[in-house]
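Each chain gets a letter, A, B and so on, in the order its sequence line appears, and its residues count up from 1. Since the model is a prediction, treat every value here as computed from it, not as a measurement.
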Amino acid sequence: MPGGKQKQIEQAADLRVQSQIGEEERFRDLMRRMARENKTAVFSFFLIILMTLAAILAPNLTPYDENSMDLMHRLSPPSAEHLLGTDEGGRDELTRLLYGARVSLLIGVVPTLLSLILGSALGVLAGYRGGITDVIIMRAADVTLAFPSMLLAMVIMYSLGGGLVNVFLTLTLVNWANVARVVRSQTLKLKNSEFVEAARIIGVSEGKIMRRHILSNCLPTLLVLFTLNVPESILTESSLSFLGLGIQPPNASWGLMINTGRQYLYNAPWLCFVPGAAIMLVVLAFNFLGNGLLDVLDPRQKKQ
Amino acid sequence: MEQKTLDVRSLTVCIQTMKGMIRPVNDVSLEVPRGGIVGIVGESGCGKSMTARAVMGLIRYPGKVTGGSVYLEGREITSLPEKERRKLRGAEISMIFQEPMTSLNPVMKVGKQVEEAVLLHTNCSKEEARAKTLDIFREVEIPEAEARYNCYPHQLSGGLRQRVMIAMAAVCRPKLLIADEPTTALDVTVEAQILKLLERLRDAGTGVLLISHSLGIIARVCDYVYVMYAGQIVEQAETEVIFDRPAHPYTRGLLRSVVSLREGAGTLETIPGVVPNLLRLPAGCSFSLRCGMCTERCEKDAPRLLETEPGHKVRCFLAEKEGVR
Amino acid sequence: MKQKIAQRSVQAVIVLIGVVLLTFVMLRIVPGNPIETMMGEHADAATVARMTAEMGLDQPLHRQFFRYLFSVVRGDFGTSYSLGKPVSLLIQSAFGNTLKLALFAALFAWTLGITCGLICAVSKNRLPDRLFMGFSLLGISLPVFMAAMFLQYIFAFKLHWLPISGTDSWKCFILPAIALGWNSAGQVAQMTRTALLETLAEDYIETARAKGLGNAGVLLSHALRNAMLPVLTMMTIQFSSLLSGAVITETVFSINGIGRLMVQAISGRDIPLLQGTSLLATSVVILGSLLADCLYSVLDPRIREES
Amino acid sequence: MSGCLLEARELTKEFPAAGKKRIHAVSGVSLKIREGETLGLVGESGCGKSTLGKLMIGALKPDAGEVFFRGKNIIAMTEREFKPLRKELQLVFQDPYASLDPRMTVRDLVAEPIETWGLCANRKETTLRVQDLLRAVEIPEEFLCRYPHQFSGGQRQRIGIARAIAADPSFIVCDEPVSALDVSVQNQILNLLKALKASRKLTFLFISHDLSVVRYLADRVCVMFLGKVCEIGPTEEVYLHPRHPYTRFLLDAVPVPDPSQRGKEIRLLKGEPPSPADPPSGCRFCTRCPYAAARCAAEDPELRDLGGVQAACHFADKAFSV
């Protein structure tokens, strides 16, 4: 997660807690407002849907098989037959790209969801319980955050070994701390907010307060974290695969495609730049969407 | 004729919002005589702060002054270029705000913040500016002025911060001081001190435009009062007149709903309903929805501000009739 | 304030010990004996056993850990399995290159980022703002390796303006620094914009205007200093993301730096080297955040008071 | 005289503050609240009146002292023992914006206490009861499924009140319930509170910084300064014949909407209120009090009975010429 963003998410969340002002506080209204004001975000949203569909329907969209080699047509440049050319094994690049999208999108979404669940559970617990629970959880988060994310991912991948499931695990372990920190800081604010105090005075039990009043008020923030963490996961995985530490062949993620294409950078540059462009497009779309959400959920924007 | 410090004529401010155009200040005319305290009173959202900002020239996008003129000692200032306007701000007109907690720069020593105004508007050296700052600190009764000069805002109490704000506003001896709810965030005992300070400035010849929601404050210090409702002035008169014979139903309602300190009552008077949304103002009189004496005419036509007796103007059809009679 | 810094330092040391423990455990749970992996198939059982004992790998894990911790405190990071040299020596020779790369990249990122951020904030929601913000998002979304390869392909391979790889002259660092700084520039730009816009909406800005200051005056004497405070704290995260990016950039441009050393350590299953480099990288991040904290409390009188 | 519902004995609460200081929010406060009365609690910001309110209903644990509810010490109780009393002691908050969970509908908000205490057998009954409550606070029933942000400040405060009375409490602390509202709306809420008190036989602790509002609602009034009680007694008596110099100055400082008083010289208190983190020794008012003698700085005055009114001033029985 880009550092500045995290800060902004935290601040926006804090402000939402402090000032439940405004007329359009409901989520549905906010989404409508975003749709109205931020066309880029809407466009990005549909782009993401489109890419997801393309990934799911990959077998129906291309006549070629993902893994069938055709050594006669190695490294052929883009043509009518192979729209994006072929790779070093003569496989159709477009087909590989579509199938790679499955892996890459999965890698974006699954570990992000896992880290959100883990991070928000630990964050709420740390923030609400305080004391020793808080110290232990937050020190663990500090240790995680002390690592440059790439380095932590490399170390974990090294000890777990390659493969899809391990990539999921690794990215979850890399990302949870950020989520926990944001959720904790929001929980601290919510815990002292009047409506939580009101619930406590009414006699609502702690577990119910955490679920009903705190976690549900964290949801918009979690949504922003989700949209901004997905591209981060995709980027980290592609970097890992680029170093040969991520997905193992014959599975294809976009990062891995770039890794293999790199050897042919000078005679078949499309093998690098096509999946690279795909990564960029997806990441950009998620970032635009996430920023749109953040803007619309940030009460400061409304003030002006 | 009495010398006027401020003369505002038909000032209108528009804001283009997502849901349409609103007029938080609608055709407002007011005057502040030299050495007088004039009050604007109204509930939240009635446009009193916006009027003050428009006079200062501090309306920012998406708000816009769309009409009217402001004369400062006979000189029209709304048509001045921004650069000229800026020279007036802080020197000839200055303003203090409601929240002394957030109105001072947190990372700058308070002395420097006051000094900045001096350096901006006079050609004096740093030493002279510092001396002036310390003088004004003593004048607004900041104890241990030298020590306070080097304090940061968070080290001062609310009352002291408001004094610093007043010092900053008064340091260049402005002709007009606009005080936007200067005591709302303060305790009553401190409030009384700050009001005293404003009276002292008035005695020194500064015209003061005091904005408040509290009739008590208005009664205590103002000579003349404007009552605002939904962006318009609905009644204006000398303070005694307003409290003695209010003519507009809204003013009457406001006065009746003041809870008395002196005697307990059975049930409190209220004005039914809430302040209307500026986007959905009624077609006729803007107060018609909450008015107990609303007639058919009130719902259709908007009344004008008419003089019922010398110095007493009311925006109400009922008062018009009385005036004729 | 001193007390607060001391407190934060203690915290930093605790985190650092946590880091050592985490890397230690992570690297020891790898299946297989590292000595066997290192020596390959030719190793006979006796030699492996001797080497294992020599390196203390036959001892219980907690004793190994404390042994390592003590030697680290003494400045001894062990000997690299794959390169046969002391880890501290390897790190020493690589650190200079990474430092140069990171400094160039940071310089690039901060100048570009802050300038863009300022332009955006001042022209909020108008064309320059939209343009530069789109640009900065592009920066954030571009994977470091793509930027690196793209720059290398265009400016070194096609145009021959700059060297493809190496560390021989300062010219060699231009492309890697841009590739590495690109990402951070986007982040800095966004942060600067947000922080400045937020500051400009504060009440004391209104006071400054009421005082008679113009746009430039307000910006210079009131808004910038307050806005730069949160931007400064970003330095922490910048250290971290620059180091992450350095791993990739150094690989692409064949720069002998810490990042490349890490990649080598991983491909050579070289535990002491990996541990040493990780420790260095995390220390830099932790130090960076400590520095940012100190700076913040120097610049913000409210925090200076707190302790 | 009716029986004592709630009694505080020597309540003390401190909060940690920056730089190892402690904020003395409430210092050794004792007071009794009689069944069915409204006790007004006035004082300036930071005098500990909100903290005292929360201590009285067990929402905060005091550092020292006891609170007796119907003769039982609720501070010494375990959580399980206290639980059934929880619904007897309720609070209406100052800020009608922050005290309602923005993600819940009005129905859910008002139903929460009913469901928590299992007062209704099923959903339908609960909804019926919620409708009754909303009727009691004059919120139209058709707003049942709306969210808090769709209401004005006054309406939100009504919802807050409906929540507080939902479980039929016997004691409610009203913590500045009208200070965030406009004058015209403020009176509607005050009238509502007065009416509810009569119809539901409630006992109020009404906290406010606004002396006029307290005058309207309270049977007795308690004036606090820096965590201590200065004066307590029947409202009329305290307002007409204040014994404590602080009470006098406070009453004098309130701007009265009567222009004939304009220009009349009022004597002002000197200086700023001292910080609750660093209260003066002896009488806490002594640094601002124009009548302070050497004894005031040395000796903390006890609350003394002065003909129905109790005041904590060494010289309370002498007449001051304010």
Side-chain angles (χ1 to χ4, degrees), chain B residues 42-46 141 143 156-160 183 185-193 195-196 199 212-223 225 238-244 250 253-275 290, chain D residues 42-47 151-155 178 180-191 194-195 209-219 235-236 239-240 246 249-275 288:
Chain B
E43 293 178 286
S44 50
C46 72
E141 290 167 356
L156 304 178
S157 69
L160 276 180
T183 60
L186 304 175
D187 285 323
V188 269
T189 55
V190 181
E191 173 180 86
Q193 297 170 349
L195 292 178
K196 193 95 213 138
E199 283 178 332
S212 180
H213 67 274
S214 156
L215 286 161
I217 291 174
I218 298 285
R220 178 172 280 184
V221 294
C222 292
D223 312 316
V225 191
E238 279 169 20
T239 312
E240 282 80 5
V241 176
I242 285 267
F243 282 85
D244 183 42
Y250 177 63
L254 269 188
L255 279 169
R256 269 204 303 268
S257 43
V258 171
V259 187
S260 169
L261 182 65
R262 299 276 178 251
E263 59 216 72
T267 315
L268 292 172
E269 292 274 350
T270 62
I271 304 175
V274 291
V275 181
R290 301 173 72 187
Chain D
V42 292
E44 295 177 284
S45 59
C47 74
F151 292 93
S152 68
Q155 285 172 317
V178 294
L181 306 174
D182 274 322
V183 233
S184 55
V185 183
Q186 165 185 316
N187 292 3
Q188 298 169 4
I189 299 291
L190 290 176
N191 286 337
K194 202 165 192 173
H209 67 276
D210 187 336
L211 286 117
S212 335
V213 166
V214 170
R215 165 90 187 222
Y216 168 69
L217 268 183
D219 304 312
T235 312
E236 290 295 303
Y239 275 55
L240 294 177
Y246 176 64
F249 278 106
L250 206 58
L251 283 166
D252 240 38
V254 178
V256 185
D258 176 6
S260 64
Q261 308 274 320
R262 185 153 55 99
K264 205 180 92 181
E265 196 60 25
I266 350 159
R267 288 194 54 186
L268 297 178
L269 268 184
K270 290 228 159 43
E272 302 283 316
S275 152
R288 292 183 87 192

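With a 4.5 Å cut-off on non-hydrogen atoms, Ser45(D) touches chain B through its backbone and its side chain both. There is no contact between Asp244(B) and chain D, counting heavy-atom distances below 4.5 Å. Proximity to chain D (any heavy atom under 4.5 Å) is restricted, for Glu191(B), to the side chain, taken from C-beta onward. In this structure, no portion of Leu255(B) lies under 4.5 Å from any heavy atom of chain D. Only the side chain of Leu254(B) comes within contact range of chain D, with at least one heavy atom under 4.5 Å from a heavy atom of that chain. Using a 4.5 Å cut-off between heavy atoms, Gln155(D) does not touch chain B at all.
In this structure, NZ on Lys196(B) lies 5.0 Å from CD on Glu199(B), to the nearest 0.5 angstrom.
Heavy-atom pairs under 4.5 Å with chain D were tallied for Ile218(B), Val190(B), Thr189(B), Thr239(B); the largest tally goes to Thr189(B). Comparing Val254(D), Leu211(D), Leu190(D), Val183(D) by how many heavy-atom pairs each has under 4.5 Å with chain B, the most go to Val254(D).
Residue-environment remark: CD (Glu240(B)) exceeds the threshold of 12 foreign heavy atoms within 6.0 Å.
A donor-acceptor contact shorter than 3.5 Å links the side chain of Gln188(D) to the backbone of Ile271(B). A donor-acceptor contact shorter than 3.5 Å is absent between the side chain of Tyr250(B) and the backbone of Gly42(B).
Counting heavy atoms from C-beta on, the side chains of Tyr216(D) and Asn187(D) never come closer than 4.5 Å. In this structure the side chain of His209(D) never reaches within 4.5 angstrom of the side chain of Val188(B), judged on heavy atoms.
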